[in-house]
Amino acid sequence: MFFCKGKGIFVLLFLFVSILITTSFAYFILQVEDDFSRSKWFLFATFNLAGFFCWTIGKMINSKSPKIFIDPKTNQAVQLVDSKRHTFFFIPVRYWGIIYSVTGIYALIKGDL
């Protein structure tokens with residue numbers, strides 16, 4: 001895809017999953033029946049949950065240990081670092097966690113987006 005590299009599409013998946021989790025929690029646990037999707041607390045919880053997912057999973061997928069090979073000519077260890085980046089709109093997945101959290105805090109302060 002032209003707007004994501006590697007596992008960058010997970011950014012949208014995490015937002016979708018966090019919407020499902022917060023909606024299910026409101027309907028089944030809290031038993032809220034009216035329209036709460038524009039509530040500032042719902043948006044705050046949704047975006048911060050998505051931010052948590054992006055930060056933790058993004059940190060895990062980018063923290064692979066470097067591979068060490070032995071050069072057959074010199075018999076010295078050579079360290080290769082995997083340079084594959086996981087980005088969504090040229091921003092690493094981990095930093096989308098910060099963007100989502102700031103958006104959630106903004107929604108809480110301003111009332112709605």
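This structure is a prediction, so every number in the text was calculated from the model and none was measured.
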Query - Euclidean distance, Ile98 CD1 relative to Thr103 OG1, rounded to 0.5 Å - result: 11.5 Å

Query raised in the report: Does Met60 share a hydrophobic cluster with Ile9, counting links as ILVMFWY side-chain heavy atoms below 4.5 Å and allowing steps through other members?
Result: yes

Query raised in the report: Leu49 versus Phe25: any side-chain heavy-atom pair under 4.5 Å?
Result: no

Query raised in the report: Roughly how far, to the nearest 0.5 Å, is the CD1 atom of Ile105 from the CZ atom of Phe44?
Result: 6.0 Å

Query raised in the report: Parallel, tilted or perpendicular for Phe88 and Phe3, by the 30°/60° rule?
Result: perpendicular

Report summary line: One should read off an interatomic distance between Asn48 CG and Leu43 CG, to the nearest 0.5 angstrom, of 10.5 Å

Query raised in the report: When rounded to the nearest 0.5 angstrom, what distance separates CZ in Phe47 from CG in Leu108?
Result: 12.5 Å

Query - Min side-chain heavy-atom separation Trp96-Leu15 under 4.5 Å - result: no

Query - Thr74: side-chain hydrogen bond (donor to acceptor under 3.5 Å, both in side chains) partners, not counting sequence neighbours - result: Asp71

**Report entry** same_hphob_cluster(Ile19, Leu12) at 4.5 Å side-chain heavy-atom cutoff
**Finding:** yes

Query - Minimal non-hydrogen separation, His86 against Lys7, with atom names - result: ND1-N, 2.9 Å

Requested in this report: Any side-chain hydrogen bond (donor to acceptor under 3.5 Å, both in side chains) involving residues 15-26? Give me the pairs, sequence neighbours left out, ordered by first then second residue.
Outcome: Thr22-Thr46

Query raised in the report: If you round to the nearest 0.5 Å, how far is OH of Tyr100 from CZ of Phe52?
Result: 15.5 Å

Report summary line: For Leu13, the side chain to side chain contact (heavy atoms under 4.5 Å, CB included) test, sequence neighbours excluded, returns Phe10, Val17

